[in-house]
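Reckoned from all heavy atoms, side chains included, excluding hydrogens, waters and symmetry mates.
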Amino acid sequence: MIRPFARPPTLRVPDAPVLVAGLTQAAWLEPTGEIESVDLTEAAARAQARMPILCHAPATARRLGVDRLAAFDLLELFAFARPAQFCLPTPRGLALALGLPPPIGIEDEAATLHAAMRALLTSLADPATTEARRPREARRLRAIAATMARGGWSWGPAVTAALGIAATDEPARRGSGLDVWEELPEWSEHAPEPPPGNLPVEPEEARRRLAALLGPEAEARPQQADYASAITPAFTPRAALGAPRLVLAEAGTGVGKTLGYLAPAGLWAEKNGGAVWISTYTRNLQHQIDGELDRLYPDPAVKAVKAVIRKGRENYLCLLNLEEAVRALPARPQDAAALGLMARWAGATRDGDLAGGDFPGWLADLIGRGRSLGLSDRRGECIYSACPHYHKCYIERGVRRARRAEIVVANHALVMIQAALAEKDGADERTLPTRYVFDEGHHVFDAADNAFSGHLSGRETAELRRWLLGAEGGRQGSLFASRARGLRRRIEDLVSGDDAAERALAEALRAARALPAEAWHQRLADGVPDGPAERFLAAVRAQVHARAHGASNPYGLETETAPPLPEVIAAAAELDAALDRLQQPLARLIRRLAARLDDEAETLDTATRIRIEAVIRSLRRRGEIELGGWRAMLQALAAETPPEFVDWFAIERLDGREIDVGMHRHWVDPTIPFAAAVAAPAHGLLITSATLTDGGESGGTEIEARWATAEARTGAVHLPNPAIRARVPSPFDYAAQTRVFVVTDVRKDDLDQVAAAYRALFLAAGGGALGLFTAIVRLRGVHRRIAPALDAAGLPLLAQHVDGLDTSTLVDIFRAEEDACLLGTDAVRDGVDVPGRSLRLIVFDRVPWPRPDILHRARKAAFGGRAYDDRLTRLKLRQAFGRLVRRADDRGVFVLLDPMMPSRLADAFPEGVAVERVGLAEATAAVRDFLRAEERPASVPRP
């Protein structure tokens with residue numbers, strides 16, 4: 001048994017060197033205090049001979065060019081000692097989190113890591129810490145530490161010594177202390193909320209509420225007040241069913257649109273007793289909104305009730321998955337450290353959110369995604385009220401909080417899928433939100449494209465088999481096997497005694513064996529497909545290889561479905577019949593469960609009723625929506641694709657390796673289903689963005705044409721009433737605060753020249769630079785070429801697809817390091833919100849034209865040909881340029897390394913900002929002079 005402080009706490013510092021790996025050199029600090037600068041090859045050899053103390057082992061291994069690195073990772077120690085607390089995964093980040101002086105230079109970073117280790121161990125050894133004053137929490141802390149130590153955790157001896165655990169102390173059982181679910185609070189049910197009222201928010205009310213939120217000491221911000229007033233029609237009653245009040249509002253950067261819409265949204269919720277759903281495209285904006293909500297609800301206890309962040313079920317820790325992983329520890333003792341860190345986080349987290357909440361993004365890199373993110377319900381295997389943790393479930397708690405909240409912050413994907421499934425399920429309109437705000441509205445088209453598409457692929461069909469049958473074959477006994485609950489295990493108690501339901505279940509499970517089993521990738525590669533689904537995939541794969549262009553490149557391949565090979569037609573018919581044999585018993589099972597709800601209406605307890613309803617919904621989504629969509633796609637192969645859709649075959653590759661193959665279907669215009677499923681049932685919607693229309697800040701293309709683009713890409717054209725348009729320009733003086741250059745003497749197809757340009761521009765700016773690329777291979781090539789020069793200049797270089805860090809963590813580091821440089825693909829720009837000098841230069845490697853794939857070809861033909869290409873490209877350039885200036889005192893330079901940029905794209909930039917075509921030498925000098933010049937006093941209020 002673990003006895004609190006069975007012996008006096010002591011600091012047992014590992015007798016190990018400290019390692020910090022830079023881009024070209026490493027710092028090696030011996031326990032004696034001797035420090036050396038060594039090359040990366042020497043550092044790799046030393047690190048493999050002696051376990052070093054370091055920060056982020058996977059990223060360090062990447063720098064050293066080795067696969068794995070056994071180490072004392074300080075981030076693991078931090079996650080144990082300070083769970084659910086923010087920390088950048090760098091020596092500087094640890095210093096800031098622990099109140100230590102920020103390091104300067106790589107040798108100073110090594111000393112900082114040693115100091116951070118002592119600070120963390122000292123805090124654990126201090127009996128006066130918060131947890132030590134709470135005996136129950138202290139006992140759990142020590143029990144978790146002992147379990148992790150027994151599992152071989154590298155920090156185990158040091159942590160148990162710091163906690164005063166004697167070597168003779170043993171946990172009462174293996175996994176002791178990891179059962180954190182035992183101490184989590186339970187949620188409770190409440191009576192259904194009445195439908196919201198219909199009182200409007202008047203423009204003057206919105207202005208007054210905004211002023212109250214800002215406080216009397218706030219600087220005057222007329223643009224923000226104008227915005228809050230202009231969007232109030234979205235919070236007025238609709239006049240007819242299916243005709244929502246839609247406002248399209250473009251608010252230039254610096255207007256303060258977040259608080260601008262939260263003011264009328266919060267007021268409407270108060271007046272009408274309903275919820276406004278705020279939808280975003282990126283996690284970063286969700287975090288910003290969460291911070292702004294402190295103004296609406298200064299009292300944290302009130303905010304916890306009235307404001308909720310919602311995400312899909314797959315984003316939250318599943319307590320049953322955690323429990324089953326803990327139970328598997330006797331067979332997998334190596335998982336003890338990972339599960340111990342997850343248990344520590346689970347006991348401290350605000351809401352169990354694994355994707356952007358208080359879960360450190362770097363922790364999954366350290367302990368493995370299967371032991372962290374893999375503990376979520378990613379495959380729809382929830383057993384609802386049959387779960388012993390149902391009344392403590394993070395997901396169910398969030399769902400119930402959202403029903404009673406005033407503001408619900410969600411993402412575009414969840415909102416759209418939730419509305420689409422409600423439409424298919426025939427849900428009561430009263431269960432859906434009546435008011436939406438879609439921030440980052442320029443992404444509504446893309447989000448709808450993802451939400452309303454169909455994919456009949458190996459990955460998706462194999463996933464359905466797993467959902468139905470559970471773990472099979474070689475996966476039994478693995479970490480994941482116990483969590484792969486098949487349909488029988490999830491519902492057998494619900495159908496027990498109903499012969500018809502039991503027969504339907506058995507028949508469906510037999511039919512599921514027509515779907516791809518494990519190792520289907522290898523069987524397709526070997527030419528020995530097994531079963532109808534694999535035979536169809538093999539035929540699709542053959543057609544793609546026969547007809548796709550660029551088959552020798554490492555990227556994905558695609559080809560049109562028409563005309564299909566005879567083998568494809570035959571395999572499609574066989575698979576359609578097999579899916580029918582699966583769909584029919586699932587439909588009978590749905591009917592039997594629905595009949596039970598009716599037959600036992602007077603006797604069913606609430607929990608069982610809720611569970612049956614949830615099972616019916618999941619069966620409908622799989623059996624009717626998913627299977628029905630697949631069958632429609634298969635049947636179209638022998639006929640014609642409906643004109644509103646685009647079908648194609650594709651092979652997905654990762655670094656040249658095939659990872660999926662299948663048939664895909666997208667809407668030509670995905671805002672059609674968005675308008676039908678999301679917008680039309682609502683009473684009011686606000687779709688807002690800084691880049692909603694096509695064109696510059698005030699001029700360029702005709703105003704009507706600019707708004708036509710916004711209306712087409714938001715689905716406004718598919719609603720009965722015209723959208724209300726609102727536009728509030730940015731308060732920033734872009735002509736004075738920014739410069740735009742197109743470099744004319746760098747060949748964009750010569751990577752040596754491109755890399756030389758990036759190096760020169762980054763050095764001229766002194767860091768604070770974001771490099772955007774249209775291809776990963778070009779990014780990696782430039783990184784390899786410029787890393788030595790930037791390292792010699794003392795400029796940290798971060799890179800997506802190179803460093804062993806997730807994108808959000810890379811952006812966090814970039815934001816915190818004023819002179820860092822970050823390389824990323826074009827898509828990374830959406831996650832970059834970096835005010836101040838940390839982002840002062842953006843370099844794009846080439847004009848970001850749309851990828852000319854089959855789907856784009858169809859949309860280009862439908863939406864205006866070359867003008868459609870131009871609109872999409874201007875929007876991308878506007879969004880990237882908009883990252884530069886986030887505050888009134890920001891200054892920035894945008895550089896495009898593409899002499900072929902047509903002048904018609906210049907409308908992407910604000911009015912008054914001249915696009916200057918210059919040589920690289922002139923651009924480099926201009927960047928240096930502009931960014932290092934003394935900044936003028938700001939003439940506009942700081943947002």
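- Using a 4.0 Å cut-off between charged side-chain N and carboxylate O, R846 and D749 make no salt bridge.
- The side chain to side chain contact (heavy atoms under 4.5 Å, CB included) check on L88 picks up F86, T90, D812, I813, A816, with sequence neighbours excluded.
- For R63, the side chain to side chain contact (heavy atoms under 4.5 Å, CB included) test picks out A21, L23, D803, with sequence neighbours left out.
- With hydrogens and angles disregarded, a donor-acceptor distance shorter than 3.5 Å links the side chain of T924 to the backbone of L920.
- Taking the six-membered ring where tryptophan is involved, the planes of Y734 and F881 are tilted, since the angle between them lies from 30° to 60°.
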Under 3.5 Å, sequence neighbours excluded: what are the donor-acceptor pairs made by side chains of residues 72-79?
unit_1 : atom_1 : unit_2 : atom_2 : d
D73    : OD1    : H56    : N      : 3.0
D73    : OD1    : L75    : N      : 3.0
D73    : OD2    : H56    : N      : 3.4
D73    : OD2    : A57    : N      : 2.7
E76    : OE1    : W153   : NE1    : 2.7

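- Partners of R295 according to the salt bridge (charged side-chain N to carboxylate O under 4.0 Å, His left out) rule, which considers only residues two or more places apart in sequence or in another chain, are E292.
- Annotation: side chain to side chain contact (heavy atoms under 4.5 Å, CB included) contacts of K257 (sequence neighbours excluded): Y227, A251, D439, T688.
- Look at D358 and R350 and you find no salt bridge, because none of the NZ, NE, NH1 or NH2 atoms lies under 4.0 Å from a carboxylate O.
- At distances below 3.5 Å, at least one donor-acceptor pair connects side-chain atoms of D791 with backbone N or O atoms of T24.
- Side-chain atoms of S808 and D806 form a donor-acceptor pair, as typed in the model, at a separation below 3.5 Å.
- For the pair H783 and R778, the minimum side-chain heavy-atom distance is 4.5 Å or more.
- Applying the salt bridge (charged side-chain N to carboxylate O under 4.0 Å, His left out) criterion to E818, with sequence neighbours excluded, gives R837.
- Using a cutoff of 4.0 Å between basic side-chain nitrogens and carboxylate oxygens, K748 and D845 are not scored as salt-bridged.
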